[in-house]
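What follows is one structure encoded as structure tokens, with my remarks underneath.
In this text, all values refer to a predicted model and were calculated from it rather than measured experimentally.
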Amino acid sequence: MEKRLRDYLRHLEKLDFEVISEEEIWEERERLELRLTEIHQEMMRLLLPMMALIICACIFLAAGFVNFFIGSFVAAAVMALCAAWLGFRYKAMSDAVKKICVYIDKLTVK
């Protein structure tokens, strides 16, 4: 997914926004909207498990404090690390959305 996004961003960087016609502007808008929808769906696929892992980490942490069992602390740490990894992937997708929004603004101003 990231490779396709980079290729598409390179394509948008090569576009000369002052010479493209109205039809090409509409085609690019449609492609941008499709890409944006695809990225938002991928972000939701990351957000749901990330929230579940955070909740599991909290439960394991609470169980660890109640029973003072090291395994619960280890499980909480593993869950937190997995949630952090998903969070970094979510942030990368968020940055991609911001880049695409810049190009949407350029096409809208035309």
Revision key, fill the gap. Between the CG atom in Leu46 and the CE atom in Met51, the distance rounded to the nearest 0.5 Å is 10.5 Å

Exercise for review: May I ask you to test the Leu47-Met44 pair for a side-chain heavy-atom distance under 4.5 Å?
Suggested key: yes

Check your understanding: Going by the ring pair (Phe, Tyr, Trp, His ring centres under 6.0 Å) test, which pairs reach into residues 46-93, not counting sequence neighbours?
Key -> Phe65-Phe73

**Study point:** Side-chain touch Ser72/Asn67, heavy atoms, less than 4.5 angstrom
**Key:** no

Review point. Got a sec, which hydrophobics cluster with Ile59, joining ILVMFWY side chains under 4.5 Å apart, including via others?
Key: Ile55

Review point. Partners of Cys56 by side chain to side chain contact (heavy atoms under 4.5 Å, CB included), sequence neighbours excluded?
Key: Met79

Point to revise | Shortest non-hydrogen separation from Ala76 to Leu61 and the atoms involved | key: CB-N, 3.8 Å

Check your understanding: When Met93 is tested against each of Glu42, His40, Lys98 for side chain to side chain contact (heavy atoms under 4.5 Å, CB included), which residue passes?
Key -> Glu42

**Study point:** Nearest-0.5 Å distance that lies between atom CG in Leu81 and atom CG in Leu86
**Key:** 11.5 Å

Practice item. May I ask you to say whether Asp95 pairs ionically with Lys99, meaning some side-chain N is under 4.0 Å from a carboxylate O? Key: no

Study note, to complete from the structure: Distance col, row Lys91:NZ vs Met43:CE, nearest 0.5 angstrom, shows 11.0 Å

